[in-house]
Amino acid sequence: MTPQLLDPVRPAGARSMEIEPVAGRIGAQVCRVRLSGALGEEAVRRLRAALLRHKVLFFRDQHHLDAAEQTAFARLLGEPVPAPPAPGGAWHTDLSYRDRPSGFSVLRAVEVPSHGGDTVWANTAAAYDDLPVELREVADRLWLRHADGAAQAEHPLVRVHPETGERALLLGGYARAVAGLSDEADSEALIRLFQERVTRLENTVRWRWSPGDVAVWDNRATQHRVVHDYGGEPRRLRHVAVAGEAPIAVDGRRGVPLG
């Protein structure tokens with residue numbers, strides 16, 4: 001039997017919501033909820049708490065959502081901002097080349113290929129927690145230059161999450177160089193060392209899209225990428241981003257724009 005979708009304005013909706021992890025370190029599927037801009041306060045509070053814990057939430061069968069209602073739902077998490085372009089198939093944290101990377105994202109599947117085209121997310125907080133103490137001490141001190149064309153920013157490699165206090169690695173495909181390190185080879189080696197820690201399989205979750213699916217993730221504690229294995233078939237997903245904060249370093253300094 002198909003579960004009955006909840007009336008989003010009923011207080012009972014939050015109590016009936018089901019949240020089930022789909023991987024060991026990241027990702028949970030949420031059932032028995034109908035996303036909309038009219039979702040009740042208790043349901044939003046519970047969803048936000050689950051999002052902070054699981055980093056990315058998945059919702060099936062949200063066929064009722066159109067562009068306006070998707071944006072209205074995103075507004076419950078913060079101020080919507082223009083969605084960033086995806087950098088091909090590279091791992092990335094959205095808008096890390098700006099002084100204020102986006103905070104959350106809401107992605108809705110409109111049209112998907114018959115096979116392939118999955119999206120994968122990685123838990124950057126778990127990656128930091130897994131570092132040996134000696135590497136954590138190095139990471140806590142490093143700053144990186146992130147760039148995409150003319151847009152550039154300098155951010156701490158380790159950012160402190162503004163809501164949970166967790167430490168997470170801020171890297172991805174936009175990370176170009178280690179600040180203050182003149183040797184390009186050394187810079188690339190350090191970035192590669194920490195990036196490979198992020199994308200270990202244990203830190204990831206992979207989602208197979210169906211039309212009407214919605215994924216919501218915390219951009220402050222994740223990276224993601226598309227798997228480009230679907231040939232020339234159409235793949236259309238609508239992305240709404242939510243404004244975030246300047247990343248905060250362990251010592252309290254904040255990321256800054258460059259140029």
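Counting begins at 1 with the first residue of the sequence.
Heavy atoms from other residues, nucleotides or ligands lying under 6.0 Å from CD of Glu184 number 12 at most. Within a 6.0 Å sphere centred on CG of Leu135, heavy atoms belonging to other residues, nucleotides or ligands number more than 12. The 12-atom threshold is not exceeded at CD of Glu20, counting heavy atoms of other residues, nucleotides or ligands nearer than 6.0 Å. Annotation: Arg53, atom CZ; neighbour count of heavy atoms from other residues, nucleotides and ligands within 6.0 Å does not exceed 12.
Phe104 and Phe58 fall into different hydrophobic clusters, where Ile, Leu, Val, Met, Phe, Trp and Tyr residues are linked whenever their side-chain heavy atoms come under 4.5 Å apart, directly or through other members. Neither Leu51 nor Ile26 shares a network with the other; the hydrophobic side chains, linked directly or stepwise wherever heavy atoms of I, L, V, M, F, W or Y lie under 4.5 Å apart, form separate groups for each. Under a hydrophobic clustering in which Ile, Leu, Val, Met, Phe, Trp and Tyr are joined whenever their side-chain heavy atoms come within less than 4.5 Å, directly or via other members, Leu77 and Trp121 fall into different clusters. Hydrophobic clustering (ILVMFWY, side-chain heavy atoms < 4.5 Å, transitive): Val240 and Trp217 are in distinct clusters.
Heavy-atom minimum distance, Leu65 versus Leu35: CD2-O, 3.4 Å. The two residues Ala175 and Ile191 make their nearest non-hydrogen contact at O-CD1, 4.0 Å. For the pair Leu131 and Ala139, the tightest heavy-atom approach, listed with the atom from each and the gap, is CD1-CB, 4.3 Å. Residue Arg208 comes nearest to Pro113 through the heavy atom pair NH2-O, 3.2 Å, listed as atom of the first residue, atom of the second, then distance. Of all non-hydrogen atoms in His155 and Gly255, the two that sit nearest each other are ND1-CA, 3.4 Å.
Ion pair Glu245/Arg254 not flagged as a salt bridge, since none of the NZ, NE, NH1 or NH2 atoms sits closer than 4.0 Å to an Asp/Glu carboxylate oxygen.
Between the CZ atom of Arg225 and the CG atom of Asp118 there is a distance of 10.5 Å, given to the nearest 0.5 Å. For the atom pair Ile248 CD1 and Arg167 CZ, the distance stands at 12.5 Å (nearest 0.5 Å). Distance CD/Gln195 to CG/Leu157: 10.0 Å, rounded to 0.5 Å.
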Please output the side-chain donor-acceptor pairs of residues 142-152 that fall under 3.5 Å, not counting sequence neighbours, one pair per line with the distance.
from: Arg145; atom 1: NH1; to: Gln152; atom 2: OE1; distance (Å): 3.2
from: His146; atom 1: ND1; to: Ser96; atom 2: OG; distance (Å): 2.9

**OP:** Assess whether side-chain hydrogen bond (donor to acceptor under 3.5 Å, both in side chains) is satisfied between His161 and Asp218, documenting all intermediate values.
**Re:** CA-CA 10 Å; His161 196 288; Asp218 187 345; 2.7 Å; yes

**OP:** Test side chain to side chain contact (heavy atoms under 4.5 Å, CB included) on Tyr174 and Arg176 and set out the steps.
**Re:** CA-CA 6 Å; Tyr174 296 117; Arg176 307 298 189 194; 4.2 Å; yes

**OP:** I would like to know whether Trp209 and His115 meet ring-ring contact (aromatic ring centres under 6.0 Å, His included); could you show each step before the answer?
**Re:** CA-CA 9 Å; Trp209 295 99; His115 57 274; over 10 Å; no

**OP:** Show your reasoning for whether side-chain hydrogen bond (donor to acceptor under 3.5 Å, both in side chains) applies to Arg25 and Asn203.
**Re:** CA-CA 6 Å; Arg25 294 184 174 181; Asn203 294 330; 2.7 Å; yes

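Aromatic rings of Trp91 and His224 (six-membered ring for Trp) have centroids beyond the 6.0 Å cut-off, not under it.
A distance-only check finds a donor-acceptor pair linking the side chain of His92 to the backbone of Ala90 [under 3.5 Å]. In terms of modelled atom types and a separation under 3.5 Å, the side chain of Arg197 and the main chain of Leu193 share no donor-acceptor contact.
With Glu166 as the fixed residue, the salt bridge (charged side-chain N to carboxylate O under 4.0 Å, His left out) test singles out one of Arg220, Lys55, Arg159: Lys55. Across Arg238, His239, Gln62, a single residue satisfies side-chain hydrogen bond (donor to acceptor under 3.5 Å, both in side chains) together with Gln70, and that is Arg238.
Cation-pi check for Arg108 over Phe59 is not met; the charged atom does not lie both under 6.0 angstrom from the ring centroid and within 45 degrees of its normal.
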